[in-house]
Amino acid sequence: MLAKRVIPCMDVRDGRVVKGVNFVNLRDAGDPIELAQRYDDERADEVIFLDITATSDDRATTVDLASRASEQLRLPYTVGGGFRSVADIQRMIAAGADKVSVNSAAVKDPALITQAAHAFGTQAIIVAIDAKRVSGSVNKWEVYVSGGRTATGMDAVAWACEAARRGAGEILLTSMDRDGSREGFDCALTRAVARAVDIPVIASGGVGRLEHFAQGILEGEADAVLAASVFHFGELTIRQVKEDMARHGIPVRL
Amino acid sequence: MIVVVDYQKGNIRSVARGLEAAGAQVVVSQDADAIARADAIVLPGVGAFADAMQTITELGQDDAMREAVGRGVPFLGICLGLHLMFAAGDEHAEGNAPTPGLGLIPGIVRHMPRTGTEGTPYKIPHVGWNTVCLLEGGSGGVGRSDGAATGESEGAAIGGSEGVHQASSARAGMSSGHSERARTAERLDAFAPTLTSPHESAACPLFDGIGSGEHFYFTHSYIAPESDATIATTTHSVTFPCAVQQGAAFGVQFHPEKSSDAGQRLLANFVRFARKA
């Protein structure tokens with residue numbers, strides 16, 4: 001049976017790992033490759049490097065990071081952030097990234113998903129969605145872009161469906177309401193998207209305690225769960241998380 | 001010298017790194033002559049079938065690989081590399097006839113069904129770590145029986161059941177009576193953690209020291225067809241061949257270079273096999 005995945009996500013700036021709390025107040029947690037290797041030892045299923053600066057000047061640094069990662073890592077990794085064109089994605093795939101995640105650029109030009117999926121295979125293209133609950137609503141979430149700064153008016157579930165239809169291989173779904181809150185995933189959001197699409201959904205945003213991971217799978221119906229700071233600062237280990245998931249009857253690779 | 005075949009489609013460095021870590025001398029090359037002279041060949045997997053085959057043919061790599069495999073040169077196809085070992089593939093053929101592959105093994109590579117046989121929807125691509133079920137006597141296509149095939153189709157009917165159960169049912173040549181019991185066991189086990197431990201080694205040198213039930217990393221939407229070459233299976237929407245062997249030519253659907261310790265062990269096994277050959 002396909003195991004549910006646990007994915008540490010590293011926000012990377014200038015080649016170093018940082019983690020934003022509600023997208024501000026960055027703290028440094030070290031070298032991304034070293035950290036990824038530590039997670040490999042702990043049985044992480046894959047890792048994501050999210051380039052949070054992603055100005056054109058910094059792209060070269062991130063391409064270097066991808067090259068180093070493909071030389072040194074023995075587990076799959078995704079690079080996200082700042083892709084604007086198929087050429088940008090091509091550079092990262094050529095450097096050795098297994099997958100890329102696209103966010104704002106896909107919203108701006110959904111054809112990018114189709115083109116990239118055709119060029120590199122659907123399995124290589126993750127569409128990242130930052131979603132925020134529409135105030136006063138229980139089951140409506142709006143898509144935000146540009147690192148959560150710009151509202152689009154788009155419905156998150158509808159956009160996830162379109163992304164899947166256009167060839168996305170996975171959805172990386174971040175709840176902006178929960179991100180940094182340590183209150184757990186927005187399981188209603190995750191479930192709404194997971195039920196609407198026929199591709200895997202990675203739940204992100206809000207993990208603070210051990211049991212939140214199992215909740216993301218059981219209540220959110222996610223295929224994978226993502227977290228950052230609880231891992232980077234050693235509050236929880238991947239192994240602890242997986243053992244807890246196994247105790248909840250979730251298939252994991254221990 | 002192991003030649004990792006470069007057909008201009010992206011990440012092959014991880015594969016080269018894994019082989020080097022196992023002590024092999026590795027050359028990444030597009031050159032048909034280098035492939036023809038190789039002591040062993042690794043065909044990694046990136047991209048789509050038709051696209052890859054076009055490049056491979058243009059570069060004359062197809063004849064070089066067929067000829068080398070014909071001489072018994074050890075060969076390992078990974079992911080798409082496994083697919084290309086078959087007669088043809090219909091990925092991106094878009095209504096046209098399937099694209100011819102290397103034709104080392106008969107059969108056509110097709111899209112994985114989006115539903116199990118009971119209509120349960122499955123997420124495709126099949127992404128992540130799944131268990132590998134080694135078939136007994138899996139070496140060079142010997143030891144496969146009708147019973148094993150029956151066991152596998154029963155496995156598919158269970159829909160997403162655990163690989164270890166598949167293993168036992170495939171080996172037992174499971175009757176429908178057994179399958180009912182297996183299904184009941186499956187339901188009882190449905191909420192038990194997947195705590196697999198290596199408990200058995202296959203006859204196949206590729207899986208030496210790797211137990212049935214070990215997890216490997218998969219990412220694909222297309223699957224290889226059933227053939228006499230199947231030495232291991234994995235179950236998602238259906239049970240499909242995840243490893244094949246035809247003489248000294250091996251293929252794996254998963255990515256050993258992305259499968260941590262288990263993957264590194266498999267690559268080391270291939271390097272050792274290639275040295276002895």
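Letters A, B, ... are given to chains in the order of the sequence lines, protein chains preceding strands, and every chain is numbered from 1. All values derive from a computational prediction rather than experimental measurement.
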- Note on the structure: Of B:Gly128, B:Ser260, B:Pro121, B:Ser259, the largest count of non-hydrogen pairs under 4.5 angstrom with chain A goes to B:Ser260
- Item | Which of B:Val127, B:Ile124, B:Thr219 touches chain A most, by non-hydrogen pairs under 4.5 Å | B:Val127
Contacting region of [X] [heavy-atom separation from chain B under 4.5 Å]:
X        : answer
A:Glu243 : neither
A:Asp223 : side chain
A:Lys4   : neither
A:Ala168 : neither

- Note on the structure: Most heavy-atom pairs under 4.5 Å with chain B, out of A:Ala124, A:Ala119, A:Ala3, belong to A:Ala3
- Would you mind telling me which of A:Asp45, A:Thr122, A:Asp40 has the largest number of heavy-atom pairs within less than 4.5 Å of chain B? A:Asp45
- Query: Less than 4.5 Å apart, any side-chain heavy atom of B:Val132 and any of B:Phe207?
  - Reply: yes
- Please tell me if the side chains of A:Pro200 and A:Arg5 come closer than 4.5 Å, counting only heavy atoms from C-beta onward. yes
- Note on the structure: A:His212 meets the ring-ring contact (aromatic ring centres under 6.0 Å, His included) criterion, sequence neighbours left out, with none
- Assign the ring pair B:Phe218 / B:His126 to parallel, tilted or perpendicular, where the plane angle (0 to 90°) is split at 30° and 60°. tilted
- Query: Under 3.5 Å, is there a donor-acceptor pair between the A:His248 and A:Glu211 side chains?
  - Reply: no
Expected list for residues 46-56 of chain B: side-chain donor-acceptor pairs under 3.5 angstrom, two or more places apart:
from: B:Asp51; atom 1: OD2; to: B:Lys9; atom 2: NZ; distance (Å): 3.4
from: B:Gln54; atom 1: NE2; to: B:Glu58; atom 2: OE2; distance (Å): 3.1
from: B:Thr55; atom 1: OG1; to: B:Asp51; atom 2: O; distance (Å): 3.2

